[in-house]
Amino acid sequence: MPHRTAGIDSFPQRTVNQSDQGFYGLGIAPKILEILERIKFKVPTPIQMKAIPMAIQGKDVIGIAQTGTGKTHAFAIPMVQRLAQRKGVGLILAPTRELAIQIDESFQKIAGAFGMRTACLIGGAPMYDQVQALHKNPRVVTATPGRLIDHMGQWNFLPDEVVMLVLDEADRMLDMGFAPQIEKILRFLPRERQTMLFSATIPKEIMEIAAKHMKLPVSVEIAPSGTTVELVTQELFIVKKESKSKLLSKILAQYRGAILLFSRTKYNASKIVRSIRDMGYSAAEIHSNRSLNQRREALEGFKSGKYKVLVATDIAARGIDVTGIELVINYDLPEDAQNYVHRIGRTARAGHKGHAISFATPDQSHDVRDIEKLIRITLPVSKHPHIPTEQFIQSPVHPAARHFKRSPNQTSQKFRKF
């Protein structure tokens, strides 16, 4: 790794040993190094070590790393540094309101030291406040795509001032749901800009789409797409749908720390919250049917310890950055296997250990195989607490398949009942 990045002529060189350099030697300006030291950022994560020097040089970057490994600062540091040396605006697009808010908060800690204002443009928040923030000429704008298009249509935001663009959680930003909005935004942005994409999962198809909008992008891959965080342990319970609540009660009694639980639907999330409260535990919910204020209260209450359990849909799979989540429960398996990686990445963050438990019904062997194929490991199946078990089905198809519902030609065999 070079001790100094070319093109940053105003920053003094510093020669240090690779083993103890910390953030030094990455081409980061001394003023930003002081900020990082003040906020207790001492050792860069692998994605930061590889992406920051490239981004500071102005290269287009595609960064792939497990969730919870510091991707936000991998683009925030170089963006603030480059904006301090030139005119223009840095634009970050994020798929959820919660993630956009967290990104904006991360930028404020660094950009504020340079006198840079930031603006956060998200749905569910008053347009007036956002217009006022835009009138103050922010140098960094974080937005969800739909709300940004609203401001562009009202001439509140001038896209021709954008000199740096980041798509965070790029796979979600470029999927079929967001692709039309992203394409519309990109049509109005200057072609001469720096573009960076970051995510834990970027399938080949998404890489091809992204490459159309980038100039000779450098791919920085810390782990293969779909790799889970090293410090998270995982287990799987095969359980009938009607027995999930009973199993959840057993599990909640075993954990004292904060628990994040994922439901596939908004309706089921509300139902689960009521059930958890009936068990005697504090719980809150976060999904698209909740107002922005309700979602903020739920998240802040979860962070402060007011709520032991936060029940969420996949809107939170990529939008919650809470240190100290002890357990993630996939009460329902995600529709998309890639969301499994993002869900369990909410625990074991910033070097901490964590655990993830998933519930699968006997007919979900295909969904489990999709997850295992993506993460390249077989999920260990655990015995249901305090409930007698029957013999598992043996299947030559896949190691995990023996635990699931038999096929029609296996009528004489029993399958495990919970």
Side-chain angles (χ1 to χ4, degrees), residues 1-2 5-7 26-28 44-83 90-96 99-100 103 106-107 140 142-143 145 162-179 181-183 185-186 189-229 317-318 336-339 341-342 345 374-376:
M1 182 180 300
T5 302
L26 301 183
I28 300 174
T45 65
I47 186 65
Q48 291 167 355
M49 290 183 69
K50 288 192 174 183
I52 288 173
M54 298 294 181
I56 285 176
Q57 292 181 50
K59 297 181 182 295
D60 284 7
V61 175
I62 298 175
I64 306 172
Q66 302 104 316
T67 187
T69 54
K71 291 191 293 294
T72 299
H73 282 89
F75 60 78
I77 291 170
M79 178 175 282
V80 171
Q81 181 159 318
R82 285 179 58 78
L83 289 176
L91 173 64
I92 306 98
L93 295 177
T96 68
L99 183 56
I103 292 171
S106 295
F107 265 94
V140 178
T142 306
V162 174
V163 294
M164 298 179 73
L165 170 69
V166 172
L167 300 186
D168 197 21
E169 303 297 354
D171 54 338
R172 179 93 174 268
M173 298 301 298
L174 293 173
D175 68 13
M176 293 306 293
F178 280 108
Q181 293 177 317
I182 297 299
E183 291 286 349
I185 293 169
L186 289 171
L189 298 184
R191 295 184 65 86
E192 289 303 313
R193 65 172 190 273
Q194 182 181 8
T195 305
M196 293 182 277
L197 281 67
F198 287 86
S199 187
T201 52
I202 303 186
K204 181 181 178 182
E205 297 80 7
I206 301 300
M207 293 279 278
E208 293 173 352
I209 295 172
K212 293 192 306 183
H213 303 291
M214 305 177 78
K215 304 187 299 291
L216 299 174
V218 177
S219 181
V220 179
E221 188 169 351
I222 302 305
S225 181
T227 303
T228 56
V229 180
R318 309 175 188 224
D336 184 346
Q338 290 181 5
N339 275 338
V341 177
H342 293 283
L374 176 66
I375 65 177
R376 290 175 289 278

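The structure displayed is predicted, hence computed values, not measured ones. All residue numbers refer to positions in the sequence shown, counting from 1.
- For V163, the side chain to side chain contact (heavy atoms under 4.5 Å, CB included) test picks out L83, R86, with sequence neighbours left out.
- Considering every non-hydrogen atom in both I47 and G63, the closest pair reads CD1-CA, 4.1 Å.
- Remark: side-chain polar atoms of D60 are paired, donor with acceptor, to backbone N or O of K215 under 3.5 angstrom.
- Smallest separation of non-hydrogen atoms from V162 and P190: O-CG, 3.4 Å.
- Of all non-hydrogen atoms in H73 and P78, the two that sit nearest each other are O-CD, 4.0 Å.
- Atoms NZ and CD, on K212 and E183 in that order, are 5.5 Å from each other to the nearest 0.5 Å.
- Inter-residue side-chain proximity for P217 and T195 is flagged as unmet; no heavy-atom pair is nearer than 4.5 Å.
- A100 approaches T142 most closely through the heavy-atom pair O-CG2, 3.5 Å.
- Side-chain atoms of H213 and I182, non-hydrogen and from C-beta on, never get closer than 4.5 Å to each other.
- Annotation: the span from L167 atom CG to L186 atom CG amounts to 6.5 Å, rounded to 0.5 Å.
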(request) Quick one: do M214 and L197 satisfy side-chain contact (heavy atoms from CB on, under 4.5 Å)? Show the steps, please. (result) CA-CA 10 Å; M214 305 177 78; L197 281 67; 3.4 Å; yes
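- Among all heavy-atom pairs drawn from Q81 and G27, the shortest one is NE2-O, 2.8 Å.
- Using a distance-only test at 3.5 Å, with no hydrogens or angles considered, a donor-acceptor pair links the side chain of Q194 to the main chain of K59.
- Residues A337 and L374 share a closest heavy-atom pair of O-CD2, 3.5 Å.
- Residue I185 holds its CD1 atom at 7.0 Å from CG of L91, rounded to the nearest 0.5 Å.
- Separating the CD1 atom in I62 from the CE atom in M54 is a distance of 13.0 Å, to the nearest 0.5 Å.
- Using modelled atom types, one side-chain atom of Q48 and one backbone atom of G70 make a donor-acceptor pair closer than 3.5 Å.
- To the nearest 0.5 angstrom, F75 atom CZ is 11.0 Å from I52 atom CD1.
- Taken to the nearest 0.5 Å, the CG atom of D168 stands 5.5 Å off from the OG1 atom of T72.
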